[in-house]
Trainee: 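Mind having a look at this structure? Questions to follow.
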Amino acid sequence: MAVTGEETGAGNSCDSTSSGLAQEGAGAGASARSSLKPPDTLLKRERRLMKNREAARECRRKKKEYVKCLENHVAMLENQNKTLIEELRALKDIYRHKAE
DNA sequence: ATTTCGTTACGTCATCAACC
DNA sequence: GGTTGATGACGTAACGAAAT
């Protein structure tokens, strides 16, 4: 079960400035995860778990998309950098020939 | 063929921020 | 203040590849 290769082609716009994805911290620590909590009724708890399950799925989907977007951006910048370096080399070459 | 190891997706919990 | 949605952290299962 599980390990279903999800990855439905969702939209792809890196903008996600709103996506959060920065928060961090909140370390928690998973200490006594025991059952001294405000007594969730069973139904209430199940509903909450189900909602959170779906939220987590969506959250991971968005994060994956965001990372992919960043990777694309990096690739693009690397290409651009390569092109510029090439261009600079060519210009230097021209300049050198003229100077001679 | 079996074991080991790294990766991936998942579920759950804890926490925060926003809303009512 | 309680509720809700988003997200980081953690543990776990399934899987594939490399090592034995």
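Small disclaimer: the values here were computed from a predicted structure and weren't measured. In the text below, chain A, chain B and the rest are named by the order of the sequence lines, each starting its count at 1.
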Trainee: Starting at NZ of A:K68 and ending at C1' of B:dT8, how long is that distance when rounded to a whole Å?
Mentor: 14 Å
Trainee: If you draw a 6.0 Å radius around CG in A:L77, do more than 12 non-hydrogen atoms from other residues or ligands fall strictly inside?
Mentor: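 Buried by this count: over 12 neighbours within 6.0 Å.
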Trainee: Has the side chain of A:N52 got a donor or acceptor that lies under 3.5 Å from a partner of the other kind on the base of C:dT7?
Mentor: yes
Trainee: Any chance you could measure A:R48, atom CZ, to A:T41, atom OG1, to the nearest 0.5 Å?
Mentor: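 Reported value, rounded in 0.5 Å steps: 10.0 Å.
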Trainee: Would you say a side-chain N or O of A:R45 is under 4.0 Å from OP1 or OP2 of B:dC13?
Mentor: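 Yes, A:R45 has a side-chain N/O under 4.0 Å of OP1/OP2 on B:dC13.
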Trainee: To the nearest 0.5 Å, what is the distance between CG (A:L49) and CD (A:E46)?
Mentor: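 So the gap between those two atoms works out to 7.5 Å.
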Trainee: Can you tell me how far P of B:dC10 sits from CD of A:E58, to the nearest Å?
Mentor: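 My rounded result for the distance is 12 Å.
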Trainee: Rounded to the nearest angstrom, tell me the gap between atom CE in A:M50 and atom C1' in C:dG5.
Mentor: 14 Å
Trainee: Of the candidate nucleotides C:dA6, C:dT4, C:dT3, which contains the atom at the shortest distance from the side chain of A:A55?
Mentor: C:dA6
Trainee: Flag the pair A:N81 / A:E78 as yes when at least one side-chain heavy-atom distance between them is below 4.5 Å, and no otherwise.
Mentor: no
Trainee: Is there a side-chain polar atom (N or O) of A:K63 under 4.0 Å from OP1 or OP2 of C:dA6?
Mentor: no
Trainee: For the pair made of OH in A:Y66 and P in C:dG8, what is the distance, rounded to whole Å?
Mentor: 11 Å
Trainee: When rounded to the nearest 0.5 angstrom, what is the spacing between CE in A:M76 and NE2 in A:H73?
Mentor: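 One gets 4.0 Å once the value is rounded to the nearest 0.5 Å.
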Trainee: Would you mind reading off the distance between A:L49 atom CG and B:dC13 atom C1', rounded to a whole angstrom?
Mentor: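 After rounding, the reported distance stands at 9 Å.
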Trainee: Of the options B:dG11, C:dT7, B:dC13, whose atoms approach the side-chain atoms of A:R60 most closely?
Mentor: B:dG11
Trainee: Choose from B:dA9, B:dG11, C:dT7 the nucleotide whose nearest atom is closest to any side-chain atom of A:K62.
Mentor: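 Taking heavy atoms from C-beta onward, the closest nucleotide is C:dT7.
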Trainee: Starting from P on C:dG5, measure out to CZ on A:R47 and report it in whole angstrom.
Mentor: 8 Å
Trainee: Should A:R57 be listed as having a side-chain N or O under 4.0 Å from OP1 or OP2 of B:dA9?
Mentor: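 Indeed not, no polar side-chain atom of A:R57 lies that close.
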Trainee: Determine: side-chain N/O of A:K51 to OP1/OP2 of C:dT3, distance under 4.0 Å, yes or no.
Mentor: no
